[in-house]
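For clarity, every value in this text was computed on a predicted model and none was experimentally measured.
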Amino acid sequence: VQLVESGGGLVQAGVSLRLSCAASGRTFSNYAVGWFRQAPGKEREFVAGINLSGDSTRYADSVKGRFTISRDNAKNTVYLQMSGLKPEDTAVYYCAARRFMIAVTPQYDYWGQGTLVTVSS
């Protein structure tokens, strides 16, 4: 599976931004997808995950209620809708895919190259 993220950028605190993760190469609906982020000097952390069909999701406590993950298997794309952005959300955001089940640790088989989100105060 090849994954390509897009949608990052420089935004002000409080606004919304939507990231996309476009997949190709294998049957996308066989893979759970997770979004992770890595801020400078910090470890990569789980942000959100979605199961194969899109009817089960998980979120980090730090983004719960502000971020929404969704998927469109017909378009082989997963989205991360981010609202109420804060400066502490600044990071490189990665999407990742693994067979079947969501994982909150970086135990994913396929990774995108990342997209930078910078939130100014």
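The CG atom of L17 lies 10.5 Å from the OG atom of S83; values are rounded to the nearest 0.5 Å. Here the straight-line distance linking atom CG of N73 with atom CG of N30 works out to 9.0 Å at 0.5 Å rounding. Here the straight-line distance linking atom CZ of F100 with atom CG of L52 works out to 7.0 Å at 0.5 Å rounding.
Considering all non-hydrogen atoms of both residues, S121 and A13 come closest at CA-CB, 4.4 Å. Taking each heavy atom of L80 and A48 in turn, the nearest pair found is CD1-CB, 4.1 Å. In terms of heavy-atom proximity, Q12 sits nearest to V15 at O-CG2, 3.0 Å. The shortest non-hydrogen separation linking D55 to S53 is OD1-OG, 2.8 Å. For G84 against S16, the heavy-atom pair with the smallest separation is N-OG, 4.4 Å. For the pair Q38 and K42, the tightest heavy-atom approach, listed with the atom from each and the gap, is NE2-O, 3.1 Å.
A cation-pi arrangement is absent between R71 and Y79 under the rule of less than 6.0 angstrom and at most 45 degrees off the ring axis. In this structure, R98 forms a cation-pi arrangement with Y108, its terminal cationic atom sitting closer than 6.0 Å to the ring centre and no more than 45° off the ring axis.
For CZ of R58, the number of neighbouring non-hydrogen atoms (other residues, nucleotides, ligands) closer than 6.0 Å is 12 at most.
Placement of L85 and F46 in two distinct hydrophobic clusters is found when ILVMFWY residues are connected by side-chain heavy-atom separations under 4.5 Å, directly or transitively. Residues Y94 and V104 are members of one and the same hydrophobic cluster, defined by side-chain heavy-atom contacts under 4.5 angstrom among Ile, Leu, Val, Met, Phe, Trp and Tyr. Follow the hydrophobic side-chain contacts under 4.5 Å out from Y31 and you never reach I50; the two are in separate clusters. Cluster membership check: V1 does not share its hydrophobic cluster with V33, using side-chain heavy-atom separations under 4.5 Å among Ile, Leu, Val, Met, Phe, Trp and Tyr. Follow the hydrophobic side-chain contacts under 4.5 Å out from Y93 and you reach V78 in the same cluster.
Inter-residue side-chain proximity for K75 and S20 is flagged as unmet; no heavy-atom pair is nearer than 4.5 Å. Q81 places none of its side-chain heavy atoms less than 4.5 Å from the side chain of F67. Here the side chains of M82 and R66 are not in contact, with every heavy-atom distance at 4.5 Å or above.
Taking the six-membered ring for Trp and thresholds of 30 and 60 degrees, W111 and F36 have ring planes inclined between 30 and 60 degrees apart.
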- Working for salt bridge (Lys or Arg N to Asp or Glu O under 4.0 Å), residues D89 and K86: CA-CA 5 Å; D89 294 318; K86 306 174 181 180; over 6 Å; no
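Within the 3.5 Å criterion, the main-chain N or O of F28 finds no donor-acceptor partner in the side chain of N76.
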Distance-only criterion, 3.5 Å: show the donor-acceptor pairs between side-chain atoms of residues 112-119 and protein atoms not counting sequence neighbours.
residue, atom, partner, partner atom, Å
Q113, NE2, E5, O, 3.4
T115, OG1, G8, N, 3.2

